[in-house]
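As the structure is a computational prediction, the values presented were derived from the model and not from experiment. Residue numbers begin at 1 in each chain, while the letters A, B, ... track the order of the sequences. For the numbers below, each heavy atom of this structure counts, side chains included, while hydrogens, waters and symmetry mates do not.
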Amino acid sequence: MQPYGNPKVKIKHKKLPGRVVVIADRCKGCDYCIDYCPRDVLVRSEGFNTKGYHPPKVANEDACTFCGLCERICPDFAIYLEHENTQRITIQEPRRKQNIEFFPSPLRGEFFMQGDIACAEGALAAGCRFFGAYPITPASEIAEHMSVVLPRLKGVFIQFEDEIASIAGILGASWAGRKSMTATSGPGISLMNENIGLGMMMEVPAVIVNVQRGSPSTGLPTSWGQSDMMQARWGSHGDYGSIALCPKSCQEMFDLTVMAFNYSEKYRLPVFIMSDGIVGHMTEKVVIPPVEKLKLVERKYTRKTADKYKPYEAGPDLVPEFAKAGDGYRYHTTGLTHDERGYPDMSEEAHQKLVNRLVNKIKAHADDIIILEEKDTEKADVIVISYGITSRLSAPAIAIAKKKGIKVGSLRLVTVWPFPEKRIRELSKRVSGFVVPEMNLGQIVLEVERCSGKNCTVAGIGHAGGGIIRTEDIVKAITEAAHGKKK
Amino acid sequence: MARKNKIVNPESHPMGDILRMDRMPHIWCSGCGLGTAMTAFVEGLKLAGADYNSTVVVSGIGCTARIAGYIKLDSYHTTHGRAIPFATGIKLANQDLKVVVFSGDGDLFAIGGNHLIHAARRNVDLTVICVNNFIYGMTGGQNAPTTPISAYSSTAPYGNCEEPFNLVGIAASAGASYVARWTALHTRRLSESVSTAFKRKGFSFIEVVSPCPTVYARKNRGGTGLDLLKEFAGRSVIDHTADPTKIPLDMDGKIVCGEFVNIEKPTFWDTVQAGLKKRFPNIYLEKKHMEE
Ligand SMILES: Cc1ncc(C[n+]2csc(CCOP(=O)(O)OP(=O)(O)O)c2C)c(N)n1
Ligand code: SF4
Ligand code: SF4
Ligand code: SF4
Ligand SMILES: [Mg+2]
């Protein structure tokens, strides 16, 4: 017996102000309460509970001083004091707070602006009010710009200690109701991947900008590439639907960042901007419309009361309604497989249901998410499929091939993930070949091959990054495809 | 077997308003100190008069981290080591929320150690409670950065030869505003400490030394949870004046408990605001920076 932290109470009670209650089946028989009761009120019972433990029983009620140590020390919430006339449960009505106010971005009009900064401005215009990142070339300008502007817009800028903290931080901020973003390059995304999976599993809206460099590893820090395209699809472990947008210009760094926020809010997931060192670091004309003219999608906050609300219950659109921290819903969320209440559920059914939904919520809305830019594809014999900066590199080659009399069209993937399978399959039945230039050694070309089957030829033109794909190589591939030759 | 236990009325316990009694029994082993630490925590919140609708609990991964699943607040069970940056995000995004991180020694000091020292350095307004069971409980008793020299673990079969961290020393040196250490046995003092830490603005840190009978004690012949509590009782001394950097824990020496640091200093947010104010004297920062 050791009255630790609890001086012996010497008062004599004639009548207790209540009783000591043992929830026998919850007890795990640790004997803490029996041993620590300063008055030896409790003893081990002879019998077993349903778990096979001997729970305590009150043997000497008169000695009890109602000190409550048994309740405090019990690790299993199996013993407590029931005071007379006390009401146990007070259910608080959820307190709905207003959503965080929207402050317009200060910029509007025409600018000569760097791609990274246009991206930051796009985020601000979309209502991003939390930015957390770790410096890395060629994405640092986004952080630098945010550090200047965000505090003036009552937003939060924080330079975290690493990229792992950055992604975890923006997920937290998003739960607190702020549109949040981080920006990095390949090495940072590699560090973030575990928590990108957390964002997918918890379904947290956020935007992740990857200004791609030459990779793998530290690669070409001050240069460019497109080598993380598959990482944006499959980077974190497990199955989940992913959205990735690929800007080709400074203007699109602005426009697509706004769009990325819209998708992330609408479908509740972290969305990727897959830029690259060229687009991030070049400077060109950017037109910023007034905020009122932008189409912004806001988060779907629940209107249900706390007792009716299930954080992971999704309607036909497969996207659950949101309640942010502090709204009074007091629910649980976890990266473990969970049921509709958010509680961990390790069953096969729960897992199937959840993971399928995470994949299907993107699949089902693919038509809404996929943006393609097509030119002369209807009558083309050859189509150049490109994305991001490679579409600009392909343009002169397409012009030359046209002059040679080849019917060539172009299809640019503005949305790379989800992949536009349907459209590529359709086109593959009509053309003699696809040409896919990209600044990696063949990533998206694999998807094009998958969707084309044997319908047409598919020629990839790979480049590891750090330079540009030569026009003559693209022209050559187009010419070969027009003549029906396989690569 | 006990999973679908119907006999227990989930609301009949006095903590039913703040614990998810529908999830009891919890996953912790018989005699594990985590349930007791959680009771002390909940009582601490009550003492502090916490508003349950604006109190958020964030945890990482581990036995301790499961606490987030049992507490009926906005509760976030994140990834291993990342509770602190996740919580930092929540706090900075909404200053009205009180954010508590509750996680294990491995989670907060091994994989998440860097986040901890940086959050303490910045003095982010968080209450961090670290349950130190000297081991990786959840994964089966591997070496933790707290495992004492010569203790056995599943990855130190010949006895640990790595010097362990002194958690309170690290938190204090990194700049925490509040630093305390208790054992699971000190339930009432721990509750008071939680209450003080919760009300203290800035980075507060509490180490809770807790018995893990299933893996730590088994490997080190420590006996049952009760035996460990008794051992703690014998080894604990309370000394609020102790220098937190000079009271490391070992296999069988003193466990110096107490409130070692409790100071008022500007939080991360205060310094950010002060910096802006200095640069732009006329901006709107008078009141709270982020009204909703
Ligand atoms: C990235 C990653 N690595 C490893 C693990 C496996 N893991 C889960 S809990 C844990 C250790 C937890 O130890 P501690 O924080 O001391 O918690 P305890 O179980 O002792 O309470 C580890 C290594 C993981 N979940 N994630
Ligand atoms: S309240 Fe519990 S610990 Fe205190 S005297 Fe009564 S039975 Fe013993
Ligand atoms: S402290 Fe709780 S779990 Fe342990 S014996 Fe007593 S009632 Fe049972
Ligand atoms: S393994 Fe140890 S820490 Fe984990 S629940 Fe069991 S006794 Fe507690
Ligand atoms: Mg541990």
Asker: Between the side chain of A/Ser174 and the main-chain N/O of A/Ala206, is any donor-acceptor distance below 3.5 Å?
Answerer: no
Asker: When you measure from the centre of the six-membered ring of A/Phe322, is the NZ or CZ of A/Arg299 closer than 6.0 Å and no more than 45° off the axis?
Answerer: yes
Asker: Sort A/Phe130 into side chain, backbone, both or neither according to what part of it lies under 4.5 angstrom from a heavy atom of chain B.
Answerer: side chain
Asker: Using a cut-off of under 4.5 Å for heavy-atom pairs, which of A/Cys27, A/Gly132, A/Ala168 has the most such pairs with chain B?
Answerer: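 When all of A/Cys27, A/Gly132, A/Ala168 are compared, A/Ala168 has the most.
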Asker: Can you tell me which portion of B/Arg66 sits under 4.5 Å from chain A's heavy atoms? Options are side chain, backbone, both or neither.
Answerer: side chain
Asker: Is B/Ala68 close to chain A through its backbone or its side chain, or both, or neither, when contacts mean heavy atoms under 4.5 Å?
Answerer: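 Looking at B/Ala68, backbone and side chain both touch chain A.
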Asker: Heavy-atom distances under 4.5 Å only: say whether A/Ile73 touches chain B with side chain, backbone, both or neither.
Answerer: both
Asker: Identify which of A/Val21, A/Ile167, A/Asn195 forms the greatest number of heavy-atom pairs closer than 4.5 Å to chain B.
Answerer: A/Asn195
Asker: Is the distance between the ring centroids of B/Trp28 and B/Tyr70 under 6.0 Å?
Answerer: yes
Asker: Between B/Leu34 and chain A, which part of the residue has a heavy atom less than 4.5 Å away: side chain, backbone, both or neither?
Answerer: neither
Asker: Please tell me whether B/Asn53 and A/Tyr329 have a donor and an acceptor in their side chains that are separated by less than 3.5 angstrom.
Answerer: no
Asker: Below 4.5 Å, heavy-atom pairs only: which of B/Asn114, B/Val56, B/Thr88, B/Leu229 has the largest tally toward chain A?
Answerer: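 The option with the most such pairs is B/Leu229.
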Asker: Test the B/Arg23-A/Tyr343 pair against the cation-pi criterion, namely NZ or CZ under 6.0 angstrom from the six-membered ring centroid and within 45° of the ring axis.
Answerer: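 Because its charged atom sits under 6.0 Å from the ring centre and within 45° of the axis, B/Arg23 does stack over A/Tyr343.
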Asker: Can you say whether A/Met201 sits under 4.5 Å from chain B via the side chain, the backbone, both, or neither, judging by heavy atoms?
Answerer: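 Contact with chain B: none, neither part.
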Asker: So which of A/Asp162, A/Leu171, A/Ile164 has the largest heavy-atom pair count under 4.5 angstrom toward chain B?
Answerer: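 With the most close heavy-atom pairs to chain B, the winner is A/Ile164.
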Asker: What do you reckon, are the aromatic ring centroids of A/Tyr80 and B/His13 less than 6.0 Å apart?
Answerer: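 Yes; B/His13 has its ring centre under 6.0 Å from that of A/Tyr80.
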Asker: Less than 4.0 angstrom from a charged side-chain N to a carboxylate O is my criterion; do A/Asp35 and B/Lys230 meet it?
Answerer: yes
Asker: In plain terms, say whether B/Lys91 and B/Asp125 are close enough for a salt bridge, that is, a side-chain N and a carboxylate O under 4.0 Å apart.
Answerer: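 The answer is yes: the pair qualifies as a salt bridge.
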Asker: Do you know which of B/Arg20, B/Lys98, B/His118 has the most heavy-atom pairs under 4.5 Å to chain A?
Answerer: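 Ranked by heavy-atom pairs under 4.5 Å with chain A, first place is B/Arg20.
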Asker: In terms of heavy-atom pairs under 4.5 Å, which option from A/Ala24, A/Ala173, A/Ser166, A/Cys30 contacts chain B the most?
Answerer: A/Ala173
Asker: Among the options A/Ile79, A/Leu336, A/Asn49, A/Asp31, pick out the one with the most heavy-atom pairs lying under 4.5 Å from chain B.
Answerer: A/Leu336
Asker: Where does B/Thr224 contact chain A at under 4.5 Å (heavy atoms): side chain, backbone, both or neither?
Answerer: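 When you check distances to chain A, no heavy atom of B/Thr224 falls under 4.5 Å.
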Asker: Using the six-membered ring of A/Tyr301, assess whether NZ or CZ of A/Lys324 lies under 6.0 Å from its centre and within 45 degrees of the ring axis.
Answerer: yes
Asker: Checking B/Phe268 against chain A: side chain, backbone, both or neither under 4.5 Å from a heavy atom?
Answerer: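 Only the side chain of B/Phe268 comes within 4.5 Å of chain A.
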Asker: Please work out whether the ring planes of A/Tyr32 and A/Tyr36 are parallel, tilted or perpendicular, with thresholds of 30° and 60°.
Answerer: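 Rings of A/Tyr32 and A/Tyr36: perpendicular, as their planes differ by over 60°.
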Asker: Pick one of side chain, backbone, both or neither for B/Leu228, based on which atoms fall under 4.5 Å of a heavy atom in chain A.
Answerer: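 B/Leu228 has no heavy atom closer than 4.5 Å to chain A.
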